[in-house]
Amino acid sequence: MADVLVCIKRVPEVAGEVALTDDAQGVDARHVGYTISAHESCAVELAVRIATGTGGAATVLTLGTDDAVEQLRTALSLGCSRAVLIEADPSGFGPADVAREIAAVAREHDVVLLGNDAADTGDFQVGIRLAYALGRPVVNGARTVEVADGAVTAQVDGPDGIENYAVPLPAVVTVLEGGVEPRYPTITGRMKAKKVRVETVTPQRGPDGPGRVRLLLPPARPNVVEVLGEGPDAAKSVVDLLEKLGVAR
Amino acid sequence: MILAFVETDASGATEVSREALTLAARMGAPLHAVVVGALPDGVVEQLGRYGVEVVHHAVGDAVAAFGGAAWAAAVQDAAGDAGVVVAPGTPRGMEVAAHLAARLDVPMAANVVAAGAGDPLRVTRQVVGGSVLEEMELPARPAVLTVAGHAVEDEPGDGVTATLRTFTPQVADADLVARVVSVEPVDDAGRSDALTSARVVVGAGRGAGSAAGFDATVELAELLGGALGVSRVVTSLGWRPHHEQIGQTGSRISPDVYIPCGISGAIQHWAGCASSRTILAINSDEAAPMVTKATYAVIGDMHEVVPAINAEIRRRRG
């Protein structure tokens, strides 16, 4: 019976143009909405599978403002049974701050799952810092995670093939997209999620901050696209170009 | 001292490691490098060409198999009183750097594209899949940073003769708990290396229409001696395997020619293909971001255009 904690982050759902807030400290997501990072969607799926498979429970956690309850409820609708909100303005928290705050509530859990990196800040370190704060082993970038007989087994895509890890519980695992297909919420899942009371905790202490000076948009690359043609008639021009570029032969 | 963690393969220092070295060499001197595990022939001389004065080579049972904590312990051992530790922005480079930063309780900047001088050290790094840049300060020493793949041109500098120092790092038992216990080799068709090292990549996206809609793009990739890559929607729908995915949550490519077919060019995808030298977009929507950001474009249905290109290549080859 494994007690799993899965950590998620509310991130802007940017697809096309990105706009920054006036103070250049964040992405202006008023017109694009928010979602859960892709890696974390897979972490939630794995958490629910582990909880179901071992007869345990999955708790979802985030550090954010009240708005992030939306993402907690999404995870609840997918099969998590508890939700914890560390209530704070996430823009002021650096990865070391976030790891410290998660550690304060993670000790009771056998397995902590996180995404490999957040879609917005891309820090690549919260899970590893958390493992050090807890004094636990960490497997990074796992595509599959299973729990049995007091141990976590995980698979990671490595440079020489699929790498197998086996570590004793309690442990921390960060998850990469690609190993599992996240499920969709069901109607009953959504109904259940609405009834769960989100537990709120306050941070242990003020953050040291992310070291961010400012955000900026990369200089626009002046670009004039040369249209070679329309439809299959363009094939000759395309192959002329590929030959010129030295890749057609 | 500036220390660069260098990953190697059979050919020597990996491409992203060489890019990271290029940036590290510009940050000051002396420059040292640390290699954990295999040390291919000629790599010490190769690193010397980037200005590396000393190559620290960690050996021993503790680092024979990869483990983030154990390898970071080796880097920490080599770092001494280094002011900056630089790692490649690869999965392993990120992992080792994060372990090192956690062990030393110092900040880490991921995916750096430029670094200034001065104190505190100020760096510019990619966030939001490279569509936004962040200026960040690293006040603590050593400053730990990873260099984004394909964001810095690989450029050897003033060459020196590097010396080799072999050492056996002291690794605590706790740092050996999470390490690779076995590796299952996968054949070339099941790995992303072919994609990230290809000179020509043919991409396919939602426009493929179904799992059966990739025959022509696969053939074009074969005709050009390249690799097939796909967008996230294609793997999410289960049309193609995840290791073929290009993007923020897939592979980053930097081919000479990228030919995205039926790919709109959302930020998620652009994050993985922005370093392509030449982009030839094939798309039915002339306003798609992939088309407007491309070098060349053909406006049309990929299911009509790509077979015509294949036929033309075959015709010319007789």
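Keep in mind that this is a model prediction, so the values were computed, not measured. All heavy atoms count here, side chains included; hydrogens, waters and symmetry mates do not. Chain identifiers are assigned alphabetically (A, B, ...) following the order of the sequence lines, protein sequences preceding nucleic acid strands; residue numbering begins at 1 within each chain.
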Going through the distances and angles, do Glu7(B) and Thr90(B) end up as a side-chain contact (heavy atoms from CB on, under 4.5 Å)? CA-CA 9 Å; Glu7(B) 290 183 281; Thr90(B) 57; 2.5 Å; yes

I need the residue from [options] with the largest number of non-hydrogen atom pairs under 4.5 Å to chain A.
options: Val181(B), Thr249(B), Val177(B); value: Thr249(B)
options: Glu184(B), His269(B), Gln245(B), Arg277(B); value: Glu184(B)
options: Arg317(B), Arg316(B), Glu95(B); value: Arg316(B)
options: Gln268(B), Gln248(B), Arg199(B), Arg92(B); value: Arg92(B)
options: Gly238(B), Ala308(B), Gly300(B); value: Ala308(B)
options: Val128(B), Thr235(B), Leu133(B); value: Leu133(B)

Side chain, backbone, both or neither: which part of [X] has a heavy atom under 4.5 Å from chain A?
X: Val106(B); answer: backbone
X: Val257(B); answer: side chain
X: Ala274(B); answer: backbone
X: Asn111(B); answer: side chain
X: Arg315(B); answer: neither
X: Ser182(B); answer: both
X: Ala101(B); answer: both
X: Val180(B); answer: both

Would you give the length of the straight line joining atom [atom1] of [X] to atom [atom2] of [Y], rounded to the nearest 0.5 angstrom?
X: Ile309(B); Y: Leu241(A); atom1: CD1; atom2: CG; result: 10.0 Å
X: Lys244(A); Y: Thr278(B); atom1: NZ; atom2: OG1; result: 9.0 Å
X: Glu146(A); Y: Gln155(A); atom1: CD; atom2: CD; result: 8.0 Å
X: His243(B); Y: Ile162(A); atom1: NE2; atom2: CD1; result: 9.5 Å
X: Lys293(B); Y: Ile279(B); atom1: NZ; atom2: CD1; result: 9.0 Å
X: Thr124(B); Y: Leu215(A); atom1: OG1; atom2: CG; result: 11.0 Å

Quick check: are there more than 12 heavy atoms from other residues, nucleotides or ligands sitting under 6.0 Å from [atom1] of [X]?
X: Asp105(B); atom1: CG; value: no
X: Asp22(A); atom1: CG; value: no
X: Arg212(A); atom1: CZ; value: yes
X: Asp149(A); atom1: CG; value: no

Could you report the tightest heavy-atom contact between [X] and [Y], atom names first, then the distance?
X: Val4(A); Y: Ala47(A); answer: CG1-CB, 3.8 Å
X: Thr196(B); Y: Ser251(B); answer: CG2-CB, 3.7 Å
X: Met108(B); Y: Met94(B); answer: CE-O, 4.0 Å
X: Ser131(B); Y: Pro218(A); answer: O-CD, 3.2 Å
X: Ala119(A); Y: Val11(A); answer: CB-CG2, 4.2 Å
X: Val186(B); Y: Gly161(A); answer: CG2-CA, 4.2 Å

Take Arg122(B) and Glu135(B) through the test side-chain contact (heavy atoms from CB on, under 4.5 Å) and record every step on the way to the result. CA-CA 7 Å; Arg122(B) 187 176 283 203; Glu135(B) 284 180 3; 3.5 Å; yes

Main chain of [Y], side chain of [X]: is a donor-acceptor contact present, judged purely on distance under 3.5 Å?
X: Glu226(A); Y: Thr295(B); value: no
X: Arg125(B); Y: Glu134(B); value: no
X: Arg136(A); Y: Arg107(A); value: yes

Listed by residue number, which members of residues 280-287 of chain B have a heavy atom under 4.5 Å from any heavy atom of chain A?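 Near chain A, by residue number: Leu280(B).
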
Given the options [options], which has more heavy-atom pairs under 4.5 Å with chain B than any of the others?
options: Pro232(A), Gly179(A), Pro137(A), Ala133(A); answer: Pro232(A)
options: Glu230(A), Arg214(A), Gln125(A), Glu243(A); answer: Arg214(A)
options: Leu20(A), Asp123(A), Asn116(A), Asp117(A); answer: Asp123(A)
options: Asn140(A), Asp157(A), Leu217(A), Val227(A); answer: Asn140(A)

List the steps, then state whether side-chain contact (heavy atoms from CB on, under 4.5 Å) holds for Val16(B) with Arg252(B). CA-CA 11 Å; Val16(B) 182; Arg252(B) 281 180 175 225; over 6 Å; no

Heavy atoms under 4.5 Å from chain B: which residues of residues 24-42 of chain A carry them?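 Within residues 24-42 of chain A, near chain B: Val27(A), Ala38(A), His39(A).
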
What are the residues of residues 163-178 of chain A, in order of number, with any heavy atom under 4.5 angstrom from a heavy atom of chain B?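 From residues 163-178 of chain A, the residues near chain B are Glu163(A), Asn164(A), Tyr165(A), Ala166(A), Val167(A), Pro168(A), Glu177(A), Gly178(A).
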
Residue pair Arg205(A), Arg100(A): steps toward the side-chain contact (heavy atoms from CB on, under 4.5 Å) verdict: CA-CA 9 Å; Arg205(A) 68 169 174 87; Arg100(A) 181 185 64 244; 3.2 Å; yes

Applying salt bridge (Lys or Arg N to Asp or Glu O under 4.0 Å), name anything that partners Glu15(B), two or more places apart in sequence or on another chain.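 Applying salt bridge (Lys or Arg N to Asp or Glu O under 4.0 Å) to Glu15(B) gives none.
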
At a heavy-atom separation under 4.5 Å, does [X] approach chain B through its side chain, its backbone, both, or neither?
X: Pro210(A); answer: backbone
X: Glu181(A); answer: side chain
X: Val247(A); answer: both
X: Asp97(A); answer: neither

